[in-house]
Amino acid sequence: MSNPVIPYGKQEITQQDIDAVISVLQSDFLTQGPQVPAFEKALTDFTGAEYALAVNSATSALHIACLSLGLGNGDWLWTTPVTFVASANCGLYCGAQVDFVDIDPKTYNMCPVSLETKLKLAQQNNCLPKVVVPVHLCGQPCDMKAIRRLADQYGFAIIEDASHAIGGKYDSKPVGNCEYSDITVFSFHPVKIVTTAEGGAALTNSVELAEKMALFRSHGITRDESLMTEESHGGWYYQQVELGYNYRMTELQAALGVSQMTRLSDFVTARHRLADRYNQLLVELPVTRPYQLPNTYSGLHLYVIRLNLDAITKTHREVFDALRNNGIGVNLHYIPVHTQPYYQDMGFKHGDYPHAEDYYHNAISLPMFHLMTEQQQDEVVRVLRQVLLETK
Ligand SMILES: *Cc1c(COP(=O)(O)O)cnc(C)c1O
């Protein structure tokens, strides 16, 4: 019998998590009760941000973040091509146009030098972005000081897509504190670092943005008299003052999130222990290991290696397939967004972002989850070594 596949990511659900969810099922509130505010408090306590809005996905969080910043028709949103499609799609939801900034070939994050070059050009052509979405790929924070400096110079807002990076640090301070951005977004999908099944959050230090995002999360409806256009008609009264959505997180999800947040630091510590071990075990293999920007501590959602294809006799695809066929659940994050058919239909084409495309042609995400045992990790490395070093 073959061994079970070692997945690239996996959640941990403890009895404490299960009990937390069951107690919600036995309580009066399945939605709009005390657990969502408790989860939001856990997020602000952990990160130091002033406000957190829990929602049903990071995709929804990106959408309400863009709406609260007033992104709309005629505006531009820029992000990186090496991300999940949601980081770009949020701009299209708002009727804005989307463009990309190539990655830094060392960190795989949006390159601040390319960003500056593109901003100079955009200024001449009168099409500066309203919103820029840097993505902390694999959990490694972007060069936020450089991006902040450009935001101040060129007048765009910053939404950090920190879907990979909860528990990470920039300059020794928690990702999500929004020191260099307007809004930070987290994802709580099960493959991410902490989970609420589905779920996301948007964090900010701005009361105005927090109030707007709260409206967009729930139909644009308010019960706060200070936001109403006329006096309340009575205890039942509410007003719709924006066109919002139903992006609310349930109490079940939030209770799971509260319980998971108590272990976040342990999760990230375990990921670092595994990454340090990979760094040593892979040292002699023909792969490039992750580079870490000096003033950052990664959340380590992913551990990505790049194959030195010149030094081996197999193709990227052959290595990937051989790993999968031997029980190693590798993955590839990500197919550059601009090469997706939907984006190609908007005029993007292969060759537009060469560093992103180079990355795509030799990157592989190795299994990385905090419950991974050293035995499982040794097995990943053993198979990888065999696949890379054996000749066809
Ligand atoms: C997972 C992910 C998202 C979307 O998260 P959901 O919670 O599944 O909507 C957005 N951006 C990045 C970078 C992600 O990895």
Side-chain angles (χ1 to χ4, degrees), residues 7-11 36 39 43 52-67 77-94 98 100-101 103 107-110 131-142 144 147 158-168 175-176 181 183-203 213 216-217 245-250 252-254 256-257 260 271 298-304 331-338 340 342-343 356 359-360 363 365 368-369:
Y8 90 85
K10 188 172 194 283
Q11 73 276 15
V36 166
F39 182 46
L43 294 171
L53 284 294
V55 288
N56 58 0
S57 71
T59 304
S60 303
L62 287 163
H63 188 190
I64 61 171
C66 289
L67 289 170
L77 175 145
W78 291 4
T79 187
T80 163
V82 180
T83 186
F84 186 56
V85 291
S87 318
N89 289 345
C90 57
L92 302 181
Y93 295 159
C94 299
V98 168
F100 301 94
V101 179
I103 61 167
T107 64
Y108 318 145
N109 281 331
M110 177 184 284
V131 172
V132 173
V133 183
V135 179
H136 305 319
L137 193 77
C138 306
Q140 162 155 255
C142 295
M144 289 310 297
I147 298 172
I158 301 174
I159 302 172
E160 291 173 72
D161 184 342
S163 293
H164 299 183
I166 194 167
V175 169
S181 63
I183 297 168
T184 301
V185 166
F186 291 135
S187 171
F188 308 116
H189 183 280
V191 296
K192 307 289 164 72
I193 296 168
V194 297
T195 190
T196 62
E198 295 279 359
L203 287 77
M213 290 194 288
F216 286 120
R217 164 173 71 176
Y245 299 82
N246 180 353
Y247 284 165
R248 292 187 305 261
M249 175 178 274
T250 67
L252 301 160
Q253 293 167 297
L256 178 55
Q260 292 252 318
R271 286 169 181 273
S298 179
L300 268 170
H301 166 49
L302 300 173
Y303 187 92
V304 170
N331 218 321
L332 209 178
H333 302 88
Y334 290 94
I335 306 158
V337 178
H338 70 281
Q340 294 290 354
Y342 193 84
Y343 281 83
Y359 167 92
Y360 177 58
S365 305
M368 167 57 79
F369 50 96

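Nothing here was measured: the structure is a model prediction, and the numbers come from that model. When a ligand or atom number is given, it counts from 1 through the structure's own listing order.
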Exercise. Can a non-hydrogen atom of Ser60 be found less than 4.0 Å from any atom of ligand 1?
Worked result: no
Exercise. Taking atom CG of Asn56 and atom CG of Asn246, what is their separation to the nearest 0.5 Å?
Worked result: 7.0 Å
Seminar exercise, completed: Heavy-atom closest pair (Thr79 atom, Val133 atom, distance to 0.1 Å) is OG1-O, 2.7 Å
For this session: Give a yes or no answer on whether the side chain of His301 reaches the backbone of Val191 with a donor-acceptor pair at less than 3.5 Å.
Result: yes
Exercise. Relative to the heavy atoms of Thr83, which atoms of ligand 1 are at a distance of less than 4.0 Å?
Worked result: 13 (C)
Exercise. Measuring from the heavy atoms of Lys192, does anything fall under 4.0 Å of ligand 1?
Worked result: yes
Exercise. Are any of the heavy atoms in Ser87 under 4.0 Å away from ligand 1?
Worked result: yes
Problem set entry | Close approach, Tyr334 and ligand 1, non-hydrogen under 4.0 angstrom | yes
Exercise. What do we get for Thr59 next to ligand 1 when only non-hydrogen atoms under 4.0 Å count, side chain, backbone, both or neither?
Worked result: both
Exercise. Which pair of heavy atoms, one from Tyr343 and one from Val85, lies closest together, and at what distance?
Worked result: OH-O, 4.5 Å
Exercise. Between Tyr93 and Tyr245, is the ring centre distance below 6.0 Å?
Worked result: no
Exercise. With respect to atom 5 (O) of ligand 1, which of Ala58, Ser163, Gly200, Ser57 exhibits the smallest heavy-atom separation?
Worked result: Ala58
For this session: Report the part of His164 in contact with ligand 1, treating N, CA, C, O as backbone and CB onward as side chain, heavy atoms under 4.0 Å; options are side chain, backbone, both, neither.
Result: side chain
For this session: Check Phe369 against Pro7 and note the closest heavy-atom contact, atom names and distance.
Result: CE2-O, 3.2 Å
